[in-house]
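Reading through the structure tokens given below for one structure.
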Amino acid sequence: RLRKWQERIRTKDAGERNLQFALSEIDRMASALGVPRSVREVASVIYRRALKEDLIRGRSIEGVATSALYAACRKEGIPRSLEEISEVSRVERKEIGRTYRYISQELGLEMRPVDPKKYVPRFCSELELSEEVQTKANEIIEKTAEKGLLSGKSPTGYAAAAIYAASLLCNEKKTQREVADVAQVTEVTIRNRYQEQIEAMGIHG
Amino acid sequence: MTDPKDTINIENVVASTGIGQELDLQSVAMDLEGADYDPEQFPGLVYRTQNPKSAALIFRSGKIVCTGAKSTDDVHESLRIVFDKLRELQIQVNEDPEIIVQNIVTSADLGRNLNLNAIAIGLGLENIEYEPEQFPGLVYRLDEPEVVALLFGSGKLVITGGKKPVDAEHAVDKIVSRLEDLGLLE
DNA sequence: ATCTTACTTTAGAAAGC
DNA sequence: GCTTTAAAAAGTAAGAT
């Protein structure tokens, strides 16, 4: 009886230690990504819910913590791509994506697809592009997405192409390589999306 | 307009069966030309047929999985070939082993581009999975028939998980009517 | 810059780790 | 959970030319 009691405490302590580890990891990754405190709070709420619903069984604590942070960034409207998230996590991109889809489904997060426009401010500031370019890029995304061009395309590649196009139209040209680097997509992807967007906008460069 | 049902094409059929006899895969691998067997990597021996094209996974228990066939008839034809090959090796094979179709993969075309963002919200975010950063298709699980459909921006789709060819037809009908009700198929 | 190859997702069975 | 098989959809990526 006394032994059972000790076991319970031991289990409770272990669980508590795991939770603390997960939360400190979320904090560490959030700091590395430079996201606001609100995102860390949303991420820890998601993690605790996943823990309560027993979704961690068969998965790594680190994987669930990373996925919770990825989901939190999106929920808060300041998405980080899986590529960016995986750079501050020790879990590989593919696993983060899988775990995210799992907890998202199980917790009924009902996440909306990422809006490419959400990447525009951050990517543009990293490229030191003006407000005018941002506005133009948003306009391109808005109009071409309305025409159905966005279906199935990656939000980062889509945003990158619009930014590249906008930089040309506003005479603040950035090379495809420069934009590709901040968005972490290939030049080929920018080229392909750019071509479609320009066509749909009826523009010629 | 062409009925999307008429664009349905079976791309792959997975079936299981058994010869009712245990096998020594090591010797089968030696005698059967073209057989791939690496027990360290996978417990089944892989044997490919050319006409019709398919791959058979043969296990020590005598159970066999056939995949890659384009129709249920092709599954039977492929397995007939596999059974005969085994008989040539002096292995006893039951007369007419029961062949169970486990999964049918189908492709189809709705003939119209799809706005996957609108469909995701229209069908209900809780019922679908759409993560274009990870995969370009929208994943839609149906209850009746119990299949999974992958919808693409081009209007093409893949239906998998069905056990009968008609499952795909019913699935396409339901998807079309649901999208029409939502006004997303115009 | 374009081509080729390859990987992402879905389902299902098999035997074993 | 993973391993292996095959096949489609379309996007993305990497390496070669």
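Small disclaimer: the values here were computed from a predicted structure and weren't measured. Proteins get letters first, then strands, A, B, ... in listed order; numbering begins at 1 in each.
The CD1-C1' distance, from B:Ile8 to D:dA7, rounds to 16 Å in whole Å. In this structure, the CD atom of B:Glu133 is 20 Å from the P atom of C:dC7, given to the nearest Å. In this structure, the CD atom of A:Glu92 is 14 Å from the P atom of C:dC7, given to the nearest Å. Note: CG (B:Leu138) to P (D:dG11) measures 14 Å, nearest angstrom. Distance B:Gln134 CD to D:dA9 C1': 17 Å, rounded to the nearest Å. Note: CD (A:Glu83) to C1' (C:dC7) measures 14 Å, nearest angstrom. Here C:dT9 presents its C1' atom at 14 Å from CG of A:Leu82, a figure rounded to the nearest Å. Between the CD atom of B:Glu40 and the P atom of D:dC2 there is a distance of 21 Å, rounded to whole Å.
Positionally, the nearest nucleotide of DNA chain D for B:Val46 lies more toward the 5' end than for the other of B:Val46 and A:Tyr158. Sequence order on DNA chain D of the closest nucleotides to A:Arg59 and A:Glu196 puts A:Arg59 first from the 5' end.
For A:Lys94, no side-chain nitrogen or oxygen approaches OP1 or OP2 of C:dC7 to under 4.0 Å. Phosphate contact (OP1/OP2 of C:dT9, side-chain N/O of A:Arg98, threshold under 4.0 Å): present. One finds no side-chain N or O of A:Thr186 lying less than 4.0 angstrom from the OP1 or OP2 phosphate oxygen of D:dT12. Proximity of A:Arg101 to the phosphate of C:dT8: no side-chain N or O atom is located under 4.0 Å from OP1 or OP2. OP1 or OP2 of D:dA6 sits under 4.0 Å from a side-chain N or O of B:Arg48. Phosphate proximity of D:dA10 to B:Ser154: present, with a side-chain N or O under 4.0 Å from OP1 or OP2. Considering only side-chain N and O atoms, B:Gln41 lies under 4.0 angstrom from the phosphate OP1 or OP2 of D:dT4. Within the 4.0 Å cut-off from OP1 or OP2 of C:dT8, not a single side-chain nitrogen or oxygen of A:Arg93 is found. Between A:Thr189 and D:dA13 there is a side-chain N or O to OP1 or OP2 distance below 4.0 Å.
Comparing D:dA9, D:dT4, D:dG11 by their nearest atom to the side chain of B:Val158 picks out D:dA9. Comparing D:dA10, C:dT2, D:dA13 by their nearest atom to the side chain of B:Lys156 picks out D:dA10.
Nucleic acid contact class of B:Val101 (heavy atoms, under 4.0 Å, all strands): none. No engagement by B:Thr106 is indicated, since no non-hydrogen atom pair under 4.0 Å with the nucleic acid exists.
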Checking A:Glu146 against A:Lys143 for the salt bridge (charged side-chain N to carboxylate O under 4.0 Å, His left out) test, could you report, in this order, the C-alpha distance in whole Å, the side-chain angles of both residues, the deciding distance, and whether it holds? CA-CA 5 Å; A:Glu146 266 175 30; A:Lys143 288 188 178 170; over 6 Å; no

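D:dA9 and C:dT2 have their P atoms separated by 23 Å, with the value rounded to a whole Å. Here, D:dC2 and C:dT8 have their P atoms 12 Å apart, quoted to the whole Å. Annotation: D:dT12 and C:dT9 have their C1' atoms spaced 13 Å apart (nearest Å).
When Watson-Crick and G-U wobble pairs are counted only if both distances are under 3.5 Å, C:dC7 pairs with D:dG11. Taking a pair to require two hydrogen-bonding distances under 3.5 Å in either a Watson-Crick or a G-U wobble arrangement, D:dA6 remains unpaired.
Within the 4.5 Å cutoff, the side chain of A:Glu196 has no heavy atoms near those of the A:Thr144 side chain. In this structure, the side chains of A:Leu150 and A:Pro116 come closer than 4.5 Å at one or more pairs of heavy atoms. Contact annotation: the side chain of B:Pro132 never approaches that of A:Lys153 to less than 4.5 Å [non-hydrogen atoms, C-beta and beyond]. At a threshold of 4.5 Å between non-hydrogen side-chain atoms, the residues B:Arg48 and B:Asp36 count as touching.
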The contact string for nucleotides 11-17 of chain C, one letter per nucleotide 5' to 3', using protein heavy atoms under 4.0 Å with B, S and - for base, sugar-phosphate only and none, comes out as BBBBBS-

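Atom CZ of A:Arg93 sits about 11.0 Å away from atom CD of A:Glu87, to the nearest 0.5 Å.
Looking only at distances, a side-chain donor or acceptor of A:Ser125 sits under 3.5 Å from a matching main-chain atom of A:Arg122.
No side-chain donor from either of A:Gln20 and A:Ser24 sits under 3.5 Å from a side-chain acceptor of the other.
Contacts of A:Glu76 classified as salt bridge (charged side-chain N to carboxylate O under 4.0 Å, His left out), with partners at least two apart in sequence or in another chain: none.
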